[in-house]
Structure formats: C-alpha cells, structure tokens
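Worksheet for the structure shown next.
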Amino acid sequence: MAKKFRLAENYINRELSWINFNERVLEKAIDKKTPLLDQAKFSAIFSNNLDEFFMVRVASLKSQVKAGVTKKSEDNKTPTEQLIQIREKLLPSLQKQQTHYLSNLKDAFRKENIFLLDYIELTSREKNWVDNYFKTAIFPILTPLAVDPAHPFPFVSNLSLNIAALIRDPDSGQQQFSRVKVPQKTIARFITIPSDLSDKNPKPIYSAIPVEQVVAFNLNLLFPGMEIEEHSFFRVTRDADLELRDLEADDLMIALEQGLRKRRMGGEIVRLEVLKTMPKKILDLLMESMDVEEADLYCVDGLLGLDELFELITIDTQHLSSTSKYGKIHNSLKNSQYGLLEDGSIKQEEFRSIFSIIRAKDLLLHHPYDLFTSSVEEFINQSADDPLVMGIKMTLYRVSKDSPIIEALIRAAENGKQVMALVELKARFDEDNNIQWAKQLEKSGVHVVYGVVGLKTHTKIALVIRKEKERLRSYFHIGTGNYNSKTSNQYTDLGLLSVQPELGQDLVELFNYLTGFSKQPSFRKLLVAPVSLRRGIETLIQREIENAKNGKQAKIKAKMNALVDPSIINLLYEASQAGVKIELIVRGMCCLYPKKEGLSEKIRVVSIIGKYLEHSRIFWFYNNNQPEVFIGSADWMRRNLDRRVEAVTPIEDPTLKKQLNSILEIYLNDNVDAWEMQSNGKFLRKSAIKSEEISAQNKLMDF
C-alpha cells in the first residue's frame with residue numbers, strides 16, 4: 001500500500017527551484033573548463049533569465065502582497081515569505097557572478113589579448129579617441145534631465161541603464177540632481193577601441209569600454225559651467241507581464257499593441273540595481289523619488305546589466321568558443337537539397353524531393369546536430385515551390401527577425417497556395433515581433449489567425465497538403481522547438497517529419513480546432529492540451545503503476561524543461577512507491593523530491609546544463625517491454641497541460657524509438673554537464689561525484 005503523505009512537505013517551491021536552475025547556469029559560466037566566450041554567454045543568460053524572473057514572477061508575488069492575497073503556494077508559503085526567500089537566495093549568486101566577471105573573466109581575456117577596459121585604464125591616445133567618439137556619436141542624442149521644483153523626477157524606463165549625477169553651480173553653490181539615460185538600442189554596450197591606439201605589444205585582438213563610462217567621464221560637456229560632484233549608475237526592473245482578457249478584446253492585435261505600449265511605459269518597479277559605491281545622498285534620493293523599498297534594492301559590486309555580455313560572443317576567436325562545431329545534414333536528406341551534396345557539387349540526376357524521402361520512412365530530427373536549414377526549412381521551402389502542394393498550415397510561436405520560414409510562407413501565398421499561419425501574439429517578450437510578422441503575412445495573402453480564445457498556442461506543428469495521383473496526402477512536422485533559424489543552432493530540439501495518415505488527419509482536425517469553432521473531444525494518436533494531454537500522460541503513468549503492482553517490470557524515462565504540476569508529481573510519487581523505476585532529465589524547475597525514503601526512492605532526477613540549451617521533450621514508457629515513446633512541445637506544468645494548446649506525438653517506428661532511448665541514456669550517463677538531484681532537493685555536479693568524464697553533447701554530435 002502506498003504511503004500517505006502531505007504534498008506541502010514534499011513539494012519544492014517553484015520560485016526557489018527556478019533560482020536553483022539559474023544557479024546551475026551561472027556555474028556553467030564560472031567553470032574554468034567552459035571556453036571564455038561561452039563563460040560570457042552563460043553569464044549573460046543568467047542575467048537575462050533573472051530580468052525576466054523579476055519582470056514576471058517577482059512582479060506577480062509583489063502584486064499579490066499589495067492586493068492582500070493570503071493564498072499560500074503548494075509548499076505552504078505566503079507571497080511575502082517567498083519574496084524574502086528569493087532575495088536571500090539571490091544575493092550570494094549575484095556576488096558570485098560579479099566576482100567572476102571582475103576577477104576571472106576579465107583577467108582570462110587579458111591573457112588572450114582581449115581587453116575589457118575601464119576609463120581610468122585608457123592610455124592618453126585611447127582617451128582622446130573615446131572622448132572624440134563621445135562628442136560625435138553619443139553626445140548629440142543624450143538628454144540630461146534635471147530635478148527641481150520645475151522639473152519633477154523623470155520616468156525611468158524598464159531595464160534602462162542610467163547615470164545619476166549631483167552637480168553644483170559654482171556661483172550660487174546650489175546643488176542639483178540630474179539623470180542621464182544611457183543609449184542602449186542605438187549604441188553598443190561595449191565601445192570598441194581601435195587596436196592601433198594601444199601601447200601594448202602585440203596589439204590587442206579586441207579592446208572595449210562600457211558605454212556608460214564613456215558618458216560618465218564626459219558629463220562636463222552635458223553641464224557646461226557646472227561642477228560634477230558625484231555620479232553613479234543605476235538600473236530599474238519593472239513589472240512587465242501583460243494582463244490580457246481575450247474575451248473582452250474585440251481585436252486581440254489592438255489589445256496587445258496597447259498592452260505593449262503600457263509595458264514600455266512600465267509597471268511598478270520591482271528591482272533597483274545600483275553600484276555599491278553609490279553615494280548615500282544619491283541613493284536616498286533615488287529610493288524616495290521612485291518609491292523603492294529596501295527589499296527591492298540590489299547593490300552590485302561590478303557592472304550593471306551583464307546580460308549585454310552577449311555582445312562579446314561576436315569576437316572573432318573561434319578557439320575561445322565551443323559553438324564552432326556545427327551540425328550536419330541528416331543522413332536521409334543529403335540528396336534532397338535541390339541536388340546540392342555535402343561537397344558542394346550539384347548532381348541534379350541524384351536529387352530526390354523531400355516528399356519522396358518522407359514517404360519512404362519517418363524522419364527523426366535532432367537539432368542542432370541535424371541542421372535545421374537542411375531539414376525543417378528545406379521542407380517548407382520545397383513546399384512553397386512545389387506545384388503539387390495545395391496548402392501549408394503552420395503555428396509560429398517565436399520566429400527569428402529575418403526568418404526564412406516567413407519568406408517561404410509569403411512565397412507560397414504568392415505562388416497561389418492556400419497558406420495559413422497561426423501567429424501566437426501572446427508569446428511573452430516576442431509579442432511586438434510577432435505582431436509585425438502577422439501584419440506582413442496578412443499583406444502577402446497569408447491567412448493569419450491568433451489561436452483559441454483564452455489559450456496560448458505553444459504547439460510546434462506544420463502541415464503540408466500535396467496532391468498526388470488525384471488524392472490529397474498530408475505531410476507534416478511536429479517538433480519540440482520553435483520555427484526559429486537562429487535559436488535552432490543554440491537549443492537542442494527534436495522533430496518528426498512524417499506522412500502517417502492518422503497523425504496527418506489528427507493535425508487537420510487540430511488546425512480546424514485552432515482556426516474555427518470546433519470542440520474536438522479527442523484525437524486518434526496525438527495527445528493534445530488542453531483536451532487529452534493531461535489525461536493521456538496520467539493514463540500512461542497509471543499503466544506503469546498497475547504493471548508494477550502485478551509483478552511486471554515497470555519503467556518511465558522522461559526529459560523536459562520543467563516538472564511543476566502537483567497532480568503529476570503526486571502520481572510519480574505513487575508510481576515510485578509501487579515499484580516503478582523513474583528516471584527524469586529536467587533542465588529547469590523540478591518541484592519533486594527524488595530518492596526520498598518511503599516516498600520517492602525509485603525516482604532519479606538529472607539536470608543537463610551544456611553548451612546547447614536543452615529544450616527537447618521525450619516521454620518513454622516501458623509498457624511491459626513494448627515501449628511507447630512520445631515527443632512534443634509540453635512540459636509537465638499546469639500551464640502546458642491546462643492553459644495552452646500543445647501537441648505531443650507518439651513515435652512508432654521501432655528504429656526511431658531505439659534512437660530516442662539511446663538519446664535518453666546518453667543524457668543519463670553524462671558526467672560533464674549533468675547535475676544529480678539529491679533527496680533534500682539540492683543538485684550536485686556529477687563530475688564532482690565521479691572522475692570519469694562523459695559529455696552527452698559531444699556524444700550526440702557523433703551519434
């Protein structure tokens with residue numbers, strides 16, 4: 001009989017679990033084995049993640065406190081208690097990040113003849129160049145804003161970098177406060193200094209200075225005739241979550257555009273970042289003028305806005321980055337590139353259309369190891385140009401700014417095909433980009449829809465209808481990641497290219513559900529949220545429980561980004577107590593305790609933080625030695641199971657099943673980028689536990 005337990009005592013707070021995940025990202029940044037440019041990249045990811053966490057999760061908790069909400073989290077914590085614990089956990093990590101930047105990253109770059117300089121380190125020639133650059137490229141666009149009875153404290157926009165200055169009139173002796181916003185979108189964060197100005201030998205590969213220092217040390221030009229007494233830098237984070245009520249919006253696009261304008265204006269401040277050296281007089285004035293509480297103040301000993309370390313990734317030094325090794329054309333698609341072979345030669349007689357290849361067998365794509373350009377993009381490109389293709393339907397969640405997919409859809413419409421694109425306008429922080437794409441697609445004759453009222457469409461599906469021998473055949477792609485050419489090289493994702501009739505019919509009906517008013521109660525093979533996905537996953541877990549109770553071998557292996565859903569966690573605890581062996585690969589939040597005596601002794605949890613950002617989802621169920629395997633866009637979270645449109649597809653080809661099982665085993669045996677979750681909820685680096693090093697992502701590159 002399963003042991004009875006209270007969920008609150010066996011559920012890890014999701015916010016604290018997320019912080020634990022981001023700490024693992026930071027550990028990747030400060031690991032000496034991580035190439036230098038990758039260290040900068042992962043430190044930037046840590047900061048970017050944290051910005052979004054404050055804008056959404058912390059903002060939500062603060063709103064609950066302000067509204068007097070007393071409802072507790074699954075682990076029995078009030079919003080106020082969660083905010084206190086969030087701050088306590090973040091402070092050491094923030095200090096660790098700054099120490100790494102100042103004492104490790106900059107020094108290591110110097111040894112590679114790359115210099116991230118402070119203004120006071122510049123030679124006289126470099127200072128002259130920087131000061132002239134300020135006068136010609138920055139000074140004309142700056143707007144100093146004074147604060148006095150005639151000039152109220154200016155609005156400080158979300159995530160903007162600012163200089164606070166105390167200036168004095170030498171004649172009257174009157175002191176005044178002024179704020180200068182540092183330009184960010186029009187000017188690079190790190191201003192590159194010509195190498196020939198350096199007195200170093202050999203000349204630097206790259207030298208740069210933060211733009212805010214260029215402005216700060218030229219403030220006298222902004223306030224001629226005045227004395228600059230003090231200056232310091234600050235940055236604010238505001239509530240940026242869009243609250244949209246679809247049912248009340250006559251036009252979702254108009255509602256979103258209005259919401260985005262409100263976001264740019266900014267909600268309440270949820271974080272104020274300042275330098276530790278900021279003079280108390282300036283700090284007191286900032287906090288009072290912007291109504292910032294002590295709990296929202298974060299003093300930084302280093303550089304504000306380290307998310308902009310992303311700029312350094314473009315430095316042309318391949319040996320300092322691990323991303324120089326790209327993927328390759330999928331073996332089955334080598335002759336499908338309009339006759340282009342791997343050696344670059346063209347042999348038109350050997351060309352096979354991608355449709356004939358898919359008809360022959362299902363293809364499992366594993367990005368970035370299998371190139372996105374030669375698989376998914378090629379599928380859409382050939383569909384746009386093939387005269388036998390009658391129609392294309394796609395969901396678009398996050399799309400790159402110069403998207404070949406969008407270009408292909410526009411070309412398909414111009415070629416007279418029926419083209420439908422579901423553009424998810426509510427993709428957080430991509431809303432503006434998606435609105436622009438939606439408008440462009442509509443102008444080109446593409447039918448554009450925005451999804452189901454009240455639900456975010458997160459599924460990644462593409463359906464191509466082709467006329468063959470007087471009948472229509474459905475070709476399709478179902479994936480775990482976005483149709484985004486840029487991120488396909490940075491994230492690991494999976495996709496299925498197939499022509500299976502039942503799955504094709506499921507997708508036809510799913511698109512009808514997305515574009516029309518149908519209420520599809522079930523699907524043949526697809527597990528679709530919010531219709532059947534939760535029920536389907538719970539049924540699959542329950543079957544393993546019944547097999548274990550009947551003395552049969554029972555196993556579950558699953559890979560996902562987050563495990564948060566309380567009902568699924570309860571069921572996994574029950575499965576463990578019944579004897580089901582459970583191995584989970586969870587990149588981010590995991591609210592379940594593994595290896596806990598009497599509760600979850602059969603559950604193992606691993607987190608992979610490698611050079612590629614793990615994004616694929618795989619669900620594998622032993623099923624009495626007749627495994628059922630699925631891939632799809634959904635994590636085991638309430639939002640994915642109940643509040644989003646998701647599609648999870650079975651993989652039925654025995655060869656592809658074995659391939660997915662091998663991928664899972666490679667991850668589970670990784671001993672370089674893997675973290676093992678302990679019974680107390682903490683993660684330990686597996687490389688610190690065992691000496692033998694096995695990198696999953698290197699093995700997968702050669703898989």
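Residues take their numbers from the sequence shown, with the count starting at 1.
Salt-bridge formation is detected for the pair Glu676/Lys595: a Lys NZ or Arg NE/NH1/NH2 atom is positioned less than 4.0 Å from an Asp or Glu carboxylate oxygen. Ion pairing between a basic and an acidic side chain is recognised when a charged N comes within 4.0 Å of a carboxylate O; Asp493 and Lys460 show no such pairing. Residues Asp239 and Lys66 are not paired through a salt bridge, judged by the lack of any N-O separation under 4.0 Å between the basic side chain and the carboxylate. Ionic pairing of Arg57 and Glu52 is not present here: no N-O contact between side-chain nitrogen and carboxylate oxygen is shorter than 4.0 angstrom. Using a cut-off of 4.0 Å between Lys/Arg side-chain N and Asp/Glu carboxylate O, Lys557 and Glu583 are scored as not salt-bridged. With salt bridges taken as basic N to acidic carboxylate O contacts below 4.0 Å, none links Arg638 and Asp642.
Here Gln184 contributes atom CD and Glu308 contributes atom CD; the two are 5.0 Å apart, rounded to the nearest 0.5 Å.
Note on ring orientation: taking the six-membered ring where Trp is involved, the planes of Trp18 and Phe53 are parallel (angle under 30°, cut-offs 30° and 60°). Tyr397 and His458 have perpendicular rings, their planes meeting at more than 60° on a 0 to 90° scale where under 30° would count as parallel. Under the 30°/60° scheme for interplanar angles, the aromatic rings of Tyr298 and Phe54 are found to stand perpendicular.
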Report task. For the pair Glu15 and Asp75, evaluate side-chain contact (heavy atoms from CB on, under 4.5 Å) and give the outcome as yes or no after the intermediate values. Result -> CA-CA 11 Å; Glu15 318 302 349; Asp75 61 320; over 6 Å; no
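Asn13 and Gln85 form no side-chain donor-acceptor contact under 3.5 Å, judged by distance and modelled atom types alone. At a cut-off of 3.5 Å, with distance as the only test, no side-chain donor of Ser567 or Glu538 sits close to an acceptor on the other residue. A donor-acceptor contact under 3.5 angstrom links the side chains of Glu646 and Asn640, judged on distance only. With no hydrogens or angles considered, a side-chain donor-acceptor pair links Ser43 and Gln97 at under 3.5 Å.
Counting non-hydrogen atoms of neighbouring residues, nucleotides and ligands closer than 6.0 angstrom, the NZ atom of Lys89 exceeds 12 such neighbours. By the 6.0 Å contact criterion, NZ on Lys28 is enclosed, its count of non-hydrogen atoms from other residues, nucleotides or ligands being greater than 12. Atom NZ of Lys486 has 12 or fewer neighbouring heavy atoms from other residues, nucleotides or ligands inside a 6.0 Å radius.
Taking the side chain as every heavy atom from C-beta outward, Asp291 and Ile269 never approach each other to under 4.5 Å.
In this view, Lys181 satisfies the salt bridge (Lys or Arg N to Asp or Glu O under 4.0 Å) rule with no residue, not counting sequence neighbours.
Among the candidates Glu614, Arg587, Lys611, the single residue satisfying the side-chain hydrogen bond (donor to acceptor under 3.5 Å, both in side chains) test with Thr492 is Glu614.
Geometric assessment of Arg24 against the ring of Phe42 yields a negative cation-pi assignment under the 6.0 Å and 45° thresholds.
Heavy atoms only, all atoms of each residue included: Met677 and Leu592 are closest at CE-O, 3.2 Å.
No donor-acceptor pair under 3.5 Å is formed between the side chain of Lys106 and the backbone N or O of Asn104. Put simply, the side chain of Tyr11 gets close to the backbone of Val564: a donor and an acceptor are under 3.5 Å apart.
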